[in-house]
Amino acid sequence: MTKGIWTRETVVLMLLAAYLPLGVFWLWFGGAPAVQRMWLALLVLIFWNLVFLLMRAQAMSLALVITGLAIAMLAPEGLGPFRLALGISFGVVMGELVFGGWGRNVVHPATVAVSFLGFGFPGFPWPDFLPPVAWAAVPAALIGTTTGVLPGGVIAGAAVVAVGTSSLGLLPQAALPAAGVVLVLLVADPVTSATTRFARWLNGALYAGFVTLFAAGWQGAAPAQYAVAAALLTSLAAPLLDEVALALWYARRRRRHGAH
């Protein structure tokens, strides 16, 4: 988006404003360990963005702050600086920078980084979110959808399925805080989620369906763990969901206007 005030960085700034309640509450309740994880994530992300700036003249973006917040909040705890830096490096380079930077990536770099850390170092505990932190995802979603930087269809589709599966007893209440945080930070990312209107609803519904499936069948997994796994699978399926939505639109158009 480059028309008028709508540039890439304008969208990033609006996303930062949306995520501000979530970040502030998490840092407040997380204390010094949360601040340290956030600073480490930012330092590693700035380093790799500078490397690509010098090597490929690839402009830096404030989106790295969003990526840093998501990784710091969702990565397994107790990893230590080296392991965490390794996971962040893999996620930002392979998930974003090699594709040309934020706005051109296929999967959220934080999703790649946290998934890499979870699969690579399975013995470390996953974070638990206190109720005030989890509830802070609600104003973040409201700000993002009201300003148009977060896809409302993705959040609505996930909410509808989550309410339905929770009422049927299929989705435990303990899964909701982590699932909500992951939904706002990773799944509803405007770059890597589905782009067509109907596909966005499918995108959110598929994420909630994966969370429900993993909560029921993934024995011993933490809510944040299977929520991130659901986010990864949903992101990979987003292009297919757009194709399905477009195919349905073309089919309706052919029925209405004929073969030509």
Side-chain angles (χ1 to χ4, degrees), residues 18-19 21-22 25-26 70 73-76 107-108 110-112 114-115 118-119 122 125-146 150-190 192-245 247-248:
Y19 292 138
L22 188 57
F25 272 75
W26 176 71
M73 288 186 67
L74 298 170
V107 181
H108 199 300
T111 306
V112 178
V114 177
S115 299
F119 289 124
W126 288 78
D128 251 340
F129 296 105
L130 296 173
V133 178
W135 279 108
V138 176
L142 291 176
I143 295 171
T145 54
T146 301
L150 292 180
V154 173
I155 295 174
V160 168
V161 173
V163 169
T165 54
S166 296
S167 63
L168 294 174
L170 301 175
L171 181 62
Q173 296 294 315
L176 296 179
V181 172
V182 171
L183 171 65
V184 173
L185 281 176
L186 302 183
V187 181
D189 177 61
T192 58
S193 59
T195 57
T196 54
R197 184 176 300 176
F198 180 58
R200 286 176 172 175
W201 283 81
L202 294 178
N203 199 156
L206 182 63
Y207 166 70
F210 275 133
V211 170
T212 303
L213 178 65
F214 293 155
W218 194 343
Q219 299 298 323
Q225 183 177 10
Y226 53 72
V228 171
L232 177 63
L233 294 177
T234 306
S235 295
L236 294 174
L240 176 61
L241 299 178
D242 278 322
E243 288 293 328
V244 170
L248 292 173

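Quick note: numbers below take in every heavy atom, side chains included, and nothing from hydrogens, waters or symmetry partners.
Across all non-hydrogen atoms, the minimal contact from Ala174 to Pro223 is O-CG, 3.7 Å. The shortest heavy-atom contact between Ala231 and Thr111 is C-CG2, 4.3 Å. Counting all heavy atoms, side chain and backbone alike, Ala237 lies closest to Leu206 at CB-CD2, 3.7 Å. Closest approach of Gly209 to Val161, counting heavy atoms only: N-CG1, 4.1 Å. Closest non-hydrogen pair, Pro21 versus Ala136, comes out as O-CB, 3.8 Å. Counting all heavy atoms, side chain and backbone alike, Ala141 lies closest to Val184 at CB-CG2, 4.0 Å.
Listed for the Tyr226 side chain is no donor-acceptor partner under 3.5 Å among the backbone atoms of Leu213. In this structure, the side chain of Ser166 does not engage the main chain of Val163 through any donor-acceptor pair within 3.5 Å. In this structure a side-chain-to-backbone donor-acceptor pair under 3.5 Å is missing from Ser115 to Val112. The backbone N or O of Leu142 lies less than 3.5 Å from a partner atom in the side chain of Thr145, making a donor-acceptor pair. A distance-only check finds a donor-acceptor pair linking the side chain of Arg200 to the backbone of Ala194 [under 3.5 Å]. Side-chain atoms of Tyr207 never come within 3.5 Å of backbone atoms of Gly157 as a donor-acceptor pair (strictly under, hydrogens ignored).
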Mind running side-chain contact (heavy atoms from CB on, under 4.5 Å) on Leu232 and Phe210 for me, showing each step along the way? CA-CA 10 Å; Leu232 177 63; Phe210 275 133; over 6 Å; no
Evaluate Leu74 against Trp126 for side-chain contact (heavy atoms from CB on, under 4.5 Å), listing each step before the verdict. CA-CA 7 Å; Leu74 298 170; Trp126 288 78; 5.6 Å; no
Given the rule in the side-chain contact (heavy atoms from CB on, under 4.5 Å) test, do Leu241 and Thr196 qualify, once you have shown the distances and angles that lead to the verdict? CA-CA 9 Å; Leu241 299 178; Thr196 54; over 6 Å; no
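Atom CZ of Phe25 has 12 or fewer heavy atoms from other residues, nucleotides or ligands within 6.0 Å.
There is no side-chain donor-acceptor pair under 3.5 Å between Asn203 and Ser193.
In this structure, the separation between CG on Leu171 and OG1 on Thr165 is 4.5 Å, given to the nearest 0.5 Å.
Taking the six-membered ring for Trp and thresholds of 30 and 60 degrees, Phe214 and Trp218 have ring planes more than 60 degrees apart, a perpendicular arrangement.
Checking each of Val187, Asp189, Leu185, Val114 against His108 for a side chain to side chain contact (heavy atoms under 4.5 Å, CB included) leaves exactly one that passes, namely Asp189.
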